Amino acid sequence: MEGGLGGNTVPPNSCDKSKVLDVKPLRTLIPIFPEASDGPPFVCVPPNGPFPSGFSPFFPFSGPQGSRSTPDINQNGFNSTPLPIRSFRAEPSTSNGQNVSYGSHKLKSTRSRSVKKKAKRSKYSEFALTALTNFNPGISLSERDDGNRELVENVLLKFDALRRKLSQMEDAKESHSGIVKRANLKAGNIMLSKGVRTNMKKRIGVVPGVEIGDIFFFRMELCLVGLHSQTMAGIDYMVIKDDLEGERLALSIVSSGRYDDDAEDPDVLVYSGQGGNASRDKEASDQKLVRGNLALERSLQRANEVRVIRGVKDDLHQSCKVYVYDGLYKIQESWMEKGKSGCNMFKYKLVRIPGQTDAFATWKSIQKWKEGLSSRAVLILPDLTSGAESTPVSLVNEVDDEKGPPHFTYSSTVKYPKSFKLVQPSFGCNCLDTCQAGNSNCSCIQKNGGDFPYTANGILVCGKPMIYECGPSCLCFRNCKNRLLQTGFKVHFEVFKTKDRGWGLRSWDPIRAGTFICEYAGEVIDKIKARQDGGDGENNEYAFHTNRLYESFKWNCETEVLGEGSSDTTECFDIPSPLIISSENSGNVARFMNHSCSPNVFWQPITYEHNNEAFLHIAFFAKRHIPPMTELTYDYGIRRSDETESNNVEYGRKKCLCGSPKCRGYFY
DNA sequence: GCCGGCTCATCGAG
DNA sequence: CCTCGATGAGCCGG
């Protein structure tokens, strides 16, 4: 086995601990609180309002329920927290609007197309209308024309937040089969109509704010950030006005893989022209040199750059596709050949312009590692969990000779000391089989404020003060969708040596926003007992603290979707009982996640055992889409002055190397 | 206004 | 369970 470790998956204890992991995450010392004058103050607002203008009625961990150790779950959220989006639900009941609109499809003979369309619109028009009224795009006209990184990220975050919320609403509808779920299109429609988009100006070459390697999960996303403005067609082009007869040039293409255009060389793409496909009422035909095909031909002659987006299958969500922006290509040649149908098709050979960061090439490599067709030269261990997780975790080092992090025991979950005795009797839901999103009788859904916390494919809809999963006393099966944390992570992780921050964590799989990353495993430190023993966990670099100050924790709450969320606000979050988890001796992959001041991962409290919120699990979720091989980081938070006995906030302070423009400089 | 497009989700067969 | 293909609604832009 690699690394000469002889099949022992736990790294030998012989490593010098001091050499490793000198990096620990951050907890800054300088709490950055917004001045009262610049923007909304934070948090401590009564949940029933009145709300200061500009502040969103969402209460991460504060407010009355946060200060009680045993909150009344029946009060959680539902009545006390305004839920703007939910209130948009077009048909409160089983709905005329819906039936009418669907019914009208069947009556096509008597109704004109336009009537049909109108009826369709009404299905969610009420929602859209309210959203439009409240939706503050916050994007100026010039920003709509030309974007930047921040705008691109914001647009994508808003789109996906809206999409997840709409998915949640659809999931909860009575399952009349036949209702097609198109939350992505609805979200896209709202975004486009409200002008929440950027880079609308068509351009050749680089799109400001979109980076090579960026990933997308819907065609609509490409459209919203101006990378490829066709929602379905694979070739986007622009008309050159000062040219005779409206000459057109290709701007970007999306390769979906449907036409067997995959080449062995990741820098080469053979792309098929558009048109000529057989459809319901049409035979296959020869492709014509018009539209996109003509544009590609002209781009070949002019040798202009063409953006290439590669569509690949999403390993985590089988039926879905991921789109990878692979940078600029030039068209080298074109020809015509007979396709499978026997009709003529155009073919274009595109070659990647050298010197650009690897994107699709990385995907191809990962594909080969997964299939075992090639092994990673830098692999130390194929699975450092020794099979404790359902997916292996690779251990690699491409930086130096170190053979692994210091010894620790791999444990996939958090352990509470005996001193945390459960006091309350257990009760759970009575759902048979699995809990259904629309079932208002399910007590677990009630605990979650009436909403199913995850979408049907296991994506977190929005951050909340607490998520209540089904537990051991529930009657539902293990495969209930409300047991996401308990089923373990699905992402193929890799623990790797960073250049300057010890070991880190990254993923082979592309991760979409809201994906469950992993739990923070380790041993819960009993503060009282620890103090008696002469320590309080502060001395521990492998410790997770819930009671620090965190930025932008309002991940995708309704108000953020609606544009009011301010990620610049630092908020304090009180969870029922502050928790310290040490992963020094035992832990899982989470112990390798480094700090960043602009993280791509955040944490969320979840409870499912004992009906006792003192028994928390800390679950990590993706804040945004994360391309493969990108380091996963979260915000270690800002230490409160009362965190240490001595009030010595300098204690354990480390220089932050996250490199983010918003870096606070230090962390703990 | 119409219609085409390297879509997307669902369903059912194997 | 899967994975695959067929199916049909869907909407922007040309």
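Here the structure is a predicted model, which means the values were calculated and not measured. A note on names: the letters A, B, ... follow the listed sequences, proteins ahead of strands, and every chain is numbered from 1.
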Check: Could you give the CD-to-C1' distance, from A/Gln230 to B/dG4, as a whole number of Å?
Finding: 10 Å
Note to self: Is A/Asn277 close enough to B/dG5 that one of its side-chain N or O atoms is under 4.0 Å from OP1 or OP2 there?
What the structure shows: no
Item checked: Any A/Tyr323 side-chain nitrogen or oxygen under 4.0 Å from OP1 or OP2 of B/dC8 -> yes
Next item on the list: Compare the minimum distances between each of B/dC8, C/dC12, C/dG10 and the side chain of A/Asn184, then state the nucleotide with the smallest one.
Entry: B/dC8
Next item on the list: Pick the C1' atom in B/dT7 and in B/dC3, then give their distance to the nearest Å.
Entry: 16 Å
Check: Does A/Arg291 or A/Cys320 map to a spot on DNA chain B nearer the 5' end, using the closest nucleotide for each?
Finding: A/Arg291
Check: Mapping A/Tyr237 and A/Lys313 to their closest nucleotides on DNA chain C, which lands nearer the 5' end?
Finding: A/Lys313
Item checked: Side-chain (A/Glu143) to main-chain (A/Ser140) donor-acceptor, under 3.5 angstrom -> yes
Notebook entry, point to check: For A/Met238 and C/dC12, what is the distance between atoms CE and P respectively, to the nearest whole Å?
Noted result: 22 Å
Checklist line | For atom CD of A/Glu170 and atom P of B/dA9, their distance in whole Å | finding: 11 Å
Next item on the list: Decide, yes or no, whether a salt bridge links A/Arg149 with A/Glu211 under the criterion of side-chain N to carboxylate O below 4.0 Å.
Entry: yes
Notebook entry, point to check: Can you name the one residue among A/Lys370, A/Lys490, A/His492 that meets side chain to side chain donor-acceptor pair (under 3.5 Å) with A/Asp509?
Noted result: A/Lys370
Checklist line | Spacing of A/Ile253 atom CD1 and A/Ile235 atom CD1 [to the nearest 0.5 Å] | finding: 7.5 Å
Notebook entry, point to check: Can you name the nearest heavy-atom pair linking A/Val210 to A/Val152, along with the distance?
Noted result: CG2-CG2, 4.1 Å
Item checked: B/dC6 versus B/dC2 - spacing of their C1' atoms, nearest Å -> 22 Å
Note to self: Nearest heavy atom decides the nucleotide; on that basis, is A/Asn479 or A/Lys202 closer to the 5' end of DNA chain C?
What the structure shows: A/Asn479
Next item on the list: Begin with the C-alpha distance, continue with both residues' side-chain angles, and end with the deciding distance and a verdict on salt bridge (Lys or Arg N to Asp or Glu O under 4.0 Å) for A/Arg624 and A/Asp160.
Entry: CA-CA 9 Å; A/Arg624 48 180 188 247; A/Asp160 208 54; over 6 Å; no
Notebook entry, point to check: Are the aromatic rings of A/Phe217 and A/His625 close, with centres under 6.0 Å apart?
Noted result: yes
Notebook entry, point to check: Base, sugar-phosphate, or nothing: which does A/Gly275 touch, judged by heavy atoms less than 4.0 Å apart?
Noted result: sugar-phosphate
Next item on the list: Write down the distance between CG (A/Leu296) and C1' (B/dG5), rounded to a whole number of angstrom.
Entry: 14 Å
Note to self: I'd like to know whether A/Asp314 forms a salt bridge (Lys or Arg N to Asp or Glu O under 4.0 Å) with A/Arg512, so could you lay out the CA-CA distance, the side-chain angles of the two residues, the decisive distance to 0.1 Å, and finally the verdict.
What the structure shows: CA-CA 10 Å; A/Asp314 183 355; A/Arg512 62 173 73 188; 3.7 Å; yes
Notebook entry, point to check: Atom CG of A/Asp236 and atom P of B/dT7: how far apart are they, to the nearest Å?
Noted result: 14 Å
Checklist line | Residues within residues 214-228 of chain A bordering DNA chain B, heavy-atom distance below 4.0 Å | finding: A/Phe218, A/Arg219
Checklist line | Dot-bracket summary - DNA chain B, pairs being Watson-Crick or G-U whose distances fall under 3.5 Å, with | when paired to another strand | finding: .||||.||||||||
Checklist line | Of A/Arg163 and A/Gly273, the one whose closest DNA chain B nucleotide lies more 5' | finding: A/Gly273
Note to self: If I take atom CG in residue A/Asp314 and atom C1' in nucleotide C/dT3, what distance separates them, rounded to the nearest angstrom?
What the structure shows: 15 Å
Check: Base, sugar-phosphate, or nothing for A/Leu192, non-hydrogen atoms under 4.0 angstrom?
Finding: sugar-phosphate
Checklist line | A/Thr231 versus A/Arg219, closest heavy-atom pair with distance | finding: O-CB, 3.4 Å
Check: How far apart are the closest heavy atoms of A/Ser334 and A/Tyr348, and which atoms are they?
Finding: CB-CD2, 3.5 Å
Next item on the list: Please report, rounded to the nearest Å, how far the C1' atom of C/dG8 is from the CZ atom of A/Arg182.
Entry: 10 Å
Check: Could you state the CD-P distance from A/Gln274 to B/dC6, rounded to the nearest angstrom?
Finding: 5 Å
